[in-house]
Amino acid sequence: MKYSRILGTGSYLPARVMTNADLEAVVDTSDSWIRERTGIEKRHLVSEGECCCDLAEQAARRALEAAGITASDLDLILVATTTPDQFFPSTATLLQRRLDVHGCPAFDLQAVCAGFVYAMDVADKFIRTGAAKRALVVGAETFSRILDWNDRTTCVLFGDGAGAVVLEAADEPGILSTHLHADGAYKDLLQVPGGIGNGHPDARFVQMKGNEVFRIAVTTLGRIVEETLEAAGLTKSDIDWLIPHQANIRIIQATARKLDLPMERVVVTVAEHGNTSSASIPLALDQAVRDGRIRRGETLLMEAFGGGFTWGSVLVRY
Ligand code: COA
C-alpha cells in the first residue's frame with residue numbers, strides 16, 4: 001500500500017459563542033471594523049474548565065465514527081496544537097488515554113496555524129513507509145487562553161475548536177502530495193514570547209504585527225499553491241475545492257484569485273469560527289464533507305500559513 005487516504009472526518013466547537021457585538025463590550029472595536037478587515041462575525045470559545053483535550057476528544061470520536069473504525073484500530077495519534085493543556089504529557093497522549101488506546105505512538109506537533117498541514121504530512125509519511133496503517137490526525141486549539149483580552153489588534157481574530165481526520169493505508173491516493181516550509185527569521189512578527197528560561201515568563205499572550213503578517217501570508221500562499229500544482233502536474237482547473245487556513249477572508253480571497261477559483265469552490269468558515277489556528281482546516285473540511293459539498297473523488301487543496309513562519313499544503317484526492 002503506497003498511499004494514505006481520508007477515511008473519516010470529525011470536528012467540534014465549544015458551545016459558548018462570542019459575537020463581534022459581544023466584543024464591543026470588551027475592547028474598543030466595532031462589528032463593522034472586524035467584518036470589513038477580517039470577515040469574522042463570531043467565534044466559539046471554551047468555558048472555564050473546558051480544555052484542549054476535551055475539544056480534541058469530541059472531534060476524534062466523530063472522525064472515528066465517520067471512518068467506521070474504533071480507537072483500538074489506530075496505530076498512530078497526532079495532535080497539532082499550540083495550546084496544549086500541560087507542558088507534558090502531550091495532548092496526544094492525554095487523548096490516547098481518553099480513547100482507551102494503549103501502546104501506539106502518540107505525539108504533539110507544533111507548527112502554529114500550519115500545524116494540521118504539518119501533521120498530515122507526518123502521518124502520510126508514517127503510512128507510506130508502512131510504519132502505520134491507521135492514523136488519527138487532530139488539530140485542536142484553545143487560543144482564547146493565549147490572547148490578551150485588552151489587545152484589540154489580536155483578541156478579535158481567534159477562536160477555539162478542533163477538527164480530526166482518520167487516515168488509512170490504501171493502494172490509490174488519497175494524499176497526492178504534501179509541501180512544508182518554515183522560516184524562523186520572521187519570529188518577531190507573530191509570537192507568544194513567554195517560555196521556559198527565556199526571560200519572559202509572563203509574556204504568554206499572542207503578539208502580532210498584523211499588516212506585515214498579512215502581506216507575507218498572501219505572497220507566500222500564492223507561491224505554495226503554484227509549487228503544489230507544479231509538483232503534482234496539475235493545472236488550476238483540476239482543483240475542485242480549496243480548503244484554506246481560516247485567518248482572514250481577504251487572505252483566502254487572494255489565494256482563490258491565484259487559483260482562478262470562484263469563492264463557491266472555497267470552503268469558508270472564518271465568519272463563524274474566526275481563526276482557530278491548527279483546527280481551522282479540519283473544521284472546514286469536516287463541515288463541507290458533512291453538508292455534502294465535498295464528494296469522493298474530488299481534488300482538494302489545503303493550505304496554511306502561521307507563526308514561525310511556517311507554511312504548507314496538502315493535495316488530496318478525497
Ligand atoms: N477594532 C478597531 N480598530 C482596530 C482594531 C480593532 N479590533 N485593531 C486595530 N485597529 C485599528 C488600528 O489601531 C489602526 O488604527 P490607526 O490607523 O488609527 O493606527 C487601524 O485599525 C488599522 O490597523 P491595521 O493593523 O493597519 O489594520 P489592517 O487593515 O492591517 O487589519 C488585521 C488588521 C489584523 C485584520 C490584518 O492585518 C490581518 O488580518 N493580518 C493578518 C493576521 C493573521 O492572519 N494572522 C494569523 C496568521 S496565521
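Counting starts at 1 for both ligands and their atoms, in listed order. Since the structure is predicted, the reported quantities are computational estimates derived from the model, not experimental observations.
Within 6.0 Å of the CZ atom in R293, the count of heavy atoms belonging to other residues, nucleotides or ligands exceeds 12.
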Determine all donor-acceptor pairs shorter than 3.5 Å in which one atom belongs to a side chain in residues 263-270; sequence neighbours excluded.
{"residue": "R265", "atom": "NE", "partner": "D240", "partner atom": "O", "Å": "3.0"}
{"residue": "R265", "atom": "NH2", "partner": "D240", "partner atom": "O", "Å": "3.4"}

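Applying the side chain to side chain donor-acceptor pair (under 3.5 Å) test to residues at least two apart or on different chains, the pairs with a partner in residues 64-80 are T70-S72, T70-D73.
A search for ring pair (Phe, Tyr, Trp, His ring centres under 6.0 Å) contacts involving F309 returns Y186, F305, not counting sequence neighbours.
Inspection of the T154 and Q207 side chains reveals no N or O donor paired with an N or O acceptor under 3.5 Å.
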Note down each nitrogen or oxygen pair, ligand 1 side and protein side, whose separation is under 3.5 Å; give only atom names and the distance to 0.1 Å.
{"residue": "ligand 1", "atom": "1 (N)", "partner": "T29", "partner atom": "OG1", "Å": "2.7"}
{"residue": "ligand 1", "atom": "3 (N)", "partner": "W33", "partner atom": "NE1", "Å": "3.4"}
{"residue": "ligand 1", "atom": "3 (N)", "partner": "R152", "partner atom": "NH1", "Å": "3.4"}
{"residue": "ligand 1", "atom": "7 (N)", "partner": "T29", "partner atom": "OG1", "Å": "3.1"}
{"residue": "ligand 1", "atom": "7 (N)", "partner": "R152", "partner atom": "O", "Å": "2.9"}
{"residue": "ligand 1", "atom": "13 (O)", "partner": "R152", "partner atom": "NH2", "Å": "3.0"}
{"residue": "ligand 1", "atom": "21 (O)", "partner": "W33", "partner atom": "NE1", "Å": "3.3"}
{"residue": "ligand 1", "atom": "26 (O)", "partner": "N211", "partner atom": "ND2", "Å": "3.1"}
{"residue": "ligand 1", "atom": "27 (O)", "partner": "R37", "partner atom": "NH1", "Å": "3.2"}
{"residue": "ligand 1", "atom": "29 (O)", "partner": "R37", "partner atom": "NH1", "Å": "2.7"}
{"residue": "ligand 1", "atom": "37 (O)", "partner": "G210", "partner atom": "O", "Å": "3.2"}
{"residue": "ligand 1", "atom": "37 (O)", "partner": "N211", "partner atom": "N", "Å": "3.4"}
{"residue": "ligand 1", "atom": "39 (O)", "partner": "N248", "partner atom": "ND2", "Å": "2.6"}
{"residue": "ligand 1", "atom": "40 (N)", "partner": "G210", "partner atom": "O", "Å": "2.9"}

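For the side chain to side chain donor-acceptor pair (under 3.5 Å) with D100, the qualifying choice from H102, R97, Q96, R98 is H102, the only one to do so.
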